[in-house]
Student: 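Right, I'll just put the structure down here and ask away after.
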Number of protein chains: 2
Amino acid sequence: MNQTKLEIIENTSALLERQGYNATGLNQIVAESGAPKGSLYYYFPDGKEQIGAETLLWSGERMAERIHTGLSQVEDFGEAVHLLAMSIANAIEASNFQAGGPLTTVALETATSSERLNLVCREAYALMQSAFEKKLVENGFEETLAVHLAGYVLAVFEGSILLSRVQHSGNPLRQAAAHLKAYIKSLEVEE
Amino acid sequence: MNQTKLEIIENTSALLERQGYNATGLNQIVAESGAPKGSLYYYFPDGKEQIGAETLLWSGERMAERIHTGLSQVEDFGEAVHLLAMSIANAIEASNFQAGGPLTTVALETATSSERLNLVCREAYALMQSAFEKKLVENGFEETLAVHLAGYVLAVFEGSILLSRVQHSGNPLRQAAAHLKAYIKSLEVEE
DNA sequence: GTCTATACGGTGATAGAC
DNA sequence: GTCTATCACCGTATAGAC
């Protein structure tokens with residue numbers, strides 16, 4: 001990918017994370033990314049919606065990677081998920097609660113207002129869910145259970161990250177991680 | 001509360017639920033609510049932010065009520081939570097995924113950009129969490145566990161409602177409800 | 001590929017008549 | 001209490017020079 005284009009996407013990702021889609025203007029994107037002002041519509045002929053779509057897909061891929069590498073630190077799934085949640089909680093606090101993933105806010109803003117952005121959000125979440133699912137299968141979970149459980153884990157992460165950002169504290173995420181770990185352990189025993 | 005003011009708040013609540021805060025304009029609010037156009041700043045001297053704040057608090061109270069009455073249908077907490085989730089899943093589908101609570105989107109949009117709205121979101125979530133917590137205490141859960149567990153339940157609801165809205169299917173919420181019920185049952189046994 | 005200038009609609013907010 | 005008129009500003013998008 002072109003260097004300028006990548007720079008636009010990277011900076012847009014950060015803006016969407018902080019402000020969401022509707023609050024982020026094109027002027028702000030070119031200002032923050034330092035990209036040539038006249039080249040925006042050259043790289044993204046469809047305008048803002050295309051910038052959003054490409055940014056969200058790119059972000060989803062990076063998030064899935066982060067989940068994958070985070071989970072690979074420990075073999076046991078319950079422990080690995082707990083560790084990952086703790087590291088995210090620290091990162092959210094360090095960012096002054098402006099981090100937490102660019103997807104959630106935009107996904108809600110566009111769930112019914114832009115089909116293009118909605119579809120790309122679905123794909124991004126699917127990538128993240130797959131990362132959890134893969135680790136579950138490695139841990140010996142049966143395939144269909146792994147899919148459902150991965151969706152549940154994703155929901156817990158998203159919900160507790162939301163509460164952490166709103167309450168300006170990493171604790172909701174940390175407590176959710178503890179409950180999630182306990183639940184997964186109870187499933188591992190039964191197998 | 002005044003009739004006109006209430007009508008503005010009710011309609012704003014629906015708009016925030018569908019579109020979020022930044023996508024909702026004052027013109028749209030007066031159009032949709034049928035309220036006298038000139039009276040907006042009479043009832044809400046601080047403008048849009050005040051409309052948002054009062055709407056979110058009002059919505060939070062109503063959501064907490066709904067949780068309370070929903071949970072009171074069944075005695076057992078695990079069963080009650082499951083039943084509530086199922087009824088929300090149906091409601092979300094019936095709304096074409098435009099429902100799911102006005103808080104989540106606005107809470108994320110304003111988490112770091114408006115202190116006033118952030119504080120009112122926190123209060124709204126606290127009301128909802130209290131509704132879960134109260135039921136847990138009634139079920140014999142120890143106080144501090146009840147608080148933490150209520151926060152976890154709230155996170156699971158928020159996260160899985162998000163996924164349901166994005167994926168245009170009530171299933172993420174339904175599956176999360178099943179996992180949540182199983183986890184709660186495992187805690188009940190231990191007590 | 002990148003620039004400047006600009007079109008055009010919509011935004012939140014205010015003033016002053018009634 | 002409610003209306004209309006109007007403000008200054010910002011949004012996305014486009015045109016045309018270079």
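Quick note on labels: first sequence line is chain A, next is B, and so on, each numbered from 1. This is a predicted model, so every value here is computed, not measured.
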Student: With clusters built from Ile, Leu, Val, Met, Phe, Trp and Tyr whose side-chain heavy atoms come within less than 4.5 Å, directly or transitively, what are the remaining members of the cluster of B/Val74, listed by chain and number?
Tutor: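 Noted: B/Val74 shares its cluster with B/Leu83.
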
Student: Other hydrophobic cluster members with B/Ile29, side-chain heavy atoms of Ile/Leu/Val/Met/Phe/Trp/Tyr under 4.5 Å, chained?
Tutor: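 In the cluster with B/Ile29 are B/Met1, B/Leu6, B/Ile8, B/Ile9, B/Leu15, B/Leu26, B/Val30, B/Leu40, B/Tyr41, B/Tyr42, B/Tyr43, B/Phe44, B/Ile51, B/Trp58.
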
Student: Please say which of B/Leu57, B/Leu108, B/Leu56 ends up in a side chain to side chain contact (heavy atoms under 4.5 Å, CB included) with B/Cys121.
Tutor: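 Single pass found, and it is B/Leu56.
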
Student: Verify side-chain contact (heavy atoms from CB on, under 4.5 Å) between B/Val147 and B/Gln129, making sure each step is shown before the conclusion.
Tutor: CA-CA 8 Å; B/Val147 174; B/Gln129 183 167 342; 4.1 Å; yes

Student: Take the angle between the ring planes of B/His168 and B/Phe97 and call it parallel below 30°, perpendicular above 60°, tilted in between.
Tutor: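 The arrangement is parallel - the two ring planes meet at less than 30°.
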
Student: Under a 4.0 Å heavy-atom cut-off, which of residues 35-51 of chain B touch DNA chain D?
Tutor: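 Those residues whose heavy atoms fall under 4.0 Å from DNA chain D, taken from residues 35-51 of chain B in numerical order, are B/Pro36, B/Lys37, B/Gly38, B/Ser39, B/Tyr42, B/Tyr43.
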
Student: Which residues, if any, of residues 102-118 of chain A bring a heavy atom under 4.0 Å of DNA chain C?
Tutor: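 Contacts with DNA chain C under 4.0 Å: none.
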
Student: Is the closest side-chain donor-acceptor distance between A/Gln19 and B/Ser113 under 3.5 Å?
Tutor: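 Checked: A/Gln19/B/Ser113 side chains show no N/O donor-acceptor pair below 3.5 Å.
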
Student: Extract from the structure each pairing of a protein N or O with an N or O of nucleotides 16-18 of chain D at less than 3.5 Å, listing the distance.
Tutor:
none

Student: For B/Ile29 and C/dT11, what is the distance between atoms CD1 and P respectively, to the nearest whole Å?
Tutor: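 For the pair B/Ile29 CD1 and C/dT11 P, the rounded distance is 10 Å.
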
Student: With A/Lys185 as the cation and A/Phe77 as the aromatic partner, state whether NZ or CZ is under 6.0 Å from the six-membered ring centre and within 45° of the axis.
Tutor: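 A/Lys185 over A/Phe77 ring: no.
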
Student: Can B/Ser13 and B/Thr55 be said to form a side-chain hydrogen bond (donor to acceptor under 3.5 Å, both in side chains), step by step?
Tutor: CA-CA 6 Å; B/Ser13 178; B/Thr55 299; over 6 Å; no

Student: B/Glu142 vs B/Thr144, test: side-chain hydrogen bond (donor to acceptor under 3.5 Å, both in side chains). Steps then yes/no.
Tutor: CA-CA 6 Å; B/Glu142 185 261 330; B/Thr144 59; 2.9 Å; yes

Student: Kindly indicate, with the supporting measurements, whether the criterion salt bridge (Lys or Arg N to Asp or Glu O under 4.0 Å) is fulfilled by B/Arg174 and B/Glu93.
Tutor: CA-CA 12 Å; B/Arg174 292 195 185 94; B/Glu93 284 178 347; 3.0 Å; yes

Student: What's the verdict on side-chain contact (heavy atoms from CB on, under 4.5 Å) for A/Leu180 and B/Tyr183, showing C-alpha distance, side-chain angles and the deciding distance?
Tutor: CA-CA 9 Å; A/Leu180 193 53; B/Tyr183 177 55; over 6 Å; no

Student: Could you identify which residues of residues 18-25 of chain A place a heavy atom less than 4.0 Å from some atom of DNA chain D, listed by residue number, or say none?
Tutor: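 Residues of residues 18-25 of chain A that come under 4.0 Å of DNA chain D are, in numerical order, A/Thr24, A/Gly25.
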
Student: State, to 0.1 Å, how close A/Val156 and A/Ala176 come at their nearest heavy-atom pair, and which atoms those are.
Tutor: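 Closest heavy-atom pair between A/Val156 and A/Ala176: CG1-CB, 4.0 Å.
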
Student: Atom CG of A/Asn27 to atom P of D/dG11: distance rounded to whole Å?
Tutor: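 Whole-Å distance recorded here is 5 Å.
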
Student: Compare every heavy atom of B/Thr104 with every heavy atom of B/Tyr125, then report the nearest pair and how far apart it is.
Tutor: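 Looks like OH-CA, 3.4 Å.
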
